[in-house]
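One structure below.
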Amino acid sequence: QVTLVESGGGLVQAGDSLRLSCAVPRRNFGMYGMAWFRQATGSDSEFVAGISRSGGHTRYADSVKGRFTISRATGNNTVALQMNSLKTEDTAVYYCAGRLGAGTEVFEARKYYTDWGRGTQVTVSS
């Protein structure tokens with residue numbers, strides 16, 4: 001199991017933007033389907049966005065569609081989550097997740113992901 005490394009979290013105001021990054025320390029990064037999950041205090045973990053190993057397929061939670069964009073950069077083995085028009089309800093710990101051997105499908109359930117990061121805190125104030 002590989003530990004992924006998230007960065008980019010912080011404290012911002014509603015309406016601001018933030019970019020999260022996830023480093024995947026694996027030479028076979030191109031074989032991984034990737035996703036972002038988040039968990040707010042007192043709430044269950046929820047799927048935020050996912051991207052297929054080729055980058056050709058993406059999926060978003062309804063709550064972030066049109067505001068968040070997931071992307072991947074094979075050259076430096078990273079996955080990014082660009083978050084625009086942030087809302088207070090986006091406050092949570094954000095986790096990066098990876099699934100080796102994924103095809104074109106993007107999975108929303110946690111059980112399909114084998115590699116996880118430790119999370120980065122995003123706090124949006126009003």
Side-chain angles (χ1 to χ4, degrees):
Q1 187 171 4
V2 175
T3 299
L4 312 179
V5 182
E6 303 98 338
S7 61
L11 171 63
V12 296
Q13 292 188 325
D16 285 352
S17 297
L18 205 58
R19 185 177 179 86
L20 305 182
S21 183
C22 172
V24 184
R26 296 287 282 183
R27 285 179 291 180
N28 57 348
F29 172 64
M31 296 296 291
Y32 276 79
M34 302 297 300
W36 288 92
F37 289 79
R38 67 186 181 186
Q39 186 166 18
T41 302
S43 300
D44 293 333
S45 173
E46 65 172 337
F47 171 84
V48 176
I51 188 166
S52 63
R53 64 182 185 181
S54 70
H57 295 80
T58 58
R59 180 174 291 181
Y60 297 91
D62 289 342
S63 59
V64 306
K65 279 181 182 176
R67 299 189 299 122
F68 290 12
T69 302
I70 188 171
S71 61
R72 61 190 298 156
T74 303
N76 58 6
N77 285 19
T78 59
V79 175
L81 185 67
Q82 178 66 42
M83 305 184 295
N84 298 329
S85 302
L86 282 162
K87 304 176 180 179
T88 55
E89 51 262 46
D90 294 319
T91 295
V93 178
Y94 283 70
Y95 297 90
C96 180
R99 170 183 165 84
L100 180 63
T104 59
E105 188 171 358
V106 178
F107 296 93
E108 295 190 13
R110 288 179 57 93
K111 65 180 183 180
Y112 292 109
Y113 293 90
T114 55
D115 301 290
W116 292 84
R118 300 184 186 278
T120 184
Q121 176 70 47
V122 173
T123 303
V124 185
S125 63
S126 59

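Quick note: residue numbers are just sequence positions, from 1. If you're wondering where the values come from, they're calculated on a predicted model, not measured in any experiment. These numbers come from the heavy atoms of this one structure, side chains and all, not from hydrogens, waters or symmetry mates.
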salt_bridge(D90, K87) N-O dist < 4.0 Å:
no

Side chain to side chain contact (heavy atoms under 4.5 Å, CB included) filter on S45, not counting sequence neighbours, yields F37, Q39, R110

hydrophobic_cluster_shared for Y94 and V5, side chain cutoff 4.5 Å
no

Which atom names give the shortest non-hydrogen contact between [X] and [Y], and what distance separates them?
X	Y	result
F29	A73	CE2-O, 3.8 Å
R72	G33	NH1-CA, 4.3 Å
S71	I51	CA-CD1, 3.9 Å
S17	S85	OG-N, 4.3 Å
W36	I70	CD1-CD1, 3.6 Å
A61	F47	CB-O, 3.4 Å

Acceptor/donor pairs from residues 6-14 side chains to any protein atom, 3.5 angstrom cut, sequence neighbours excluded:
from : atom 1 : to   : atom 2 : distance (Å)
E6   : OE1    : R118 : N      : 3.1
E6   : OE1    : G119 : N      : 2.9
E6   : OE2    : C96  : N      : 2.8
E6   : OE2    : G119 : N      : 3.2

Next item on the list: Decide whether Q121 and T123 meet the rule of one side-chain donor and one side-chain acceptor closer than 3.5 Å.
Entry: yes

Exercise for the section: Could you verify whether a donor N or O on one side chain and an acceptor N or O on the other, from Y113 and R99, lie under 3.5 Å apart? Expected result: no

Show, in sequence, the C-alpha distance, side-chain angles and deciding distance for L86 and F68, and conclude whether the side chain to side chain contact (heavy atoms under 4.5 Å, CB included) test is met. CA-CA 9 Å; L86 282 162; F68 290 12; 3.9 Å; yes

- Task: Taking R59 for its side chain and V106 for its backbone only, find out whether a donor-acceptor pair lies under 3.5 Å.
- Result: yes

K111 meets the salt bridge (charged side-chain N to carboxylate O under 4.0 Å, His left out) criterion, sequence neighbours left out, with none

Just how far is it from atom [atom1] of [X] to atom [atom2] of [Y], taken to the nearest 0.5 Å?
X	Y	atom1	atom2	answer
S52	F107	OG	CZ	11.0 Å
T69	R19	OG1	CZ	9.0 Å
L20	R38	CG	CZ	11.0 Å

Measure from NZ or CZ of R67 to the centre of the six-membered ring of Y60 and say whether it is under 6.0 Å with the direction within 45° of the ring axis.
no

Q. Under the side chain to side chain contact (heavy atoms under 4.5 Å, CB included) criterion, do E46 and E108 qualify, and how do the steps go?
A. CA-CA 8 Å; E46 65 172 337; E108 295 190 13; over 6 Å; no

Check: Around atom CG of N76, are there more than 12 heavy atoms of other residues, nucleotides or ligands at under 6.0 Å?
Finding: yes

Apply side chain to side chain contact (heavy atoms under 4.5 Å, CB included) to residues L81 and V48 and explain how you reach the verdict.
CA-CA 9 Å; L81 185 67; V48 176; 4.2 Å; yes

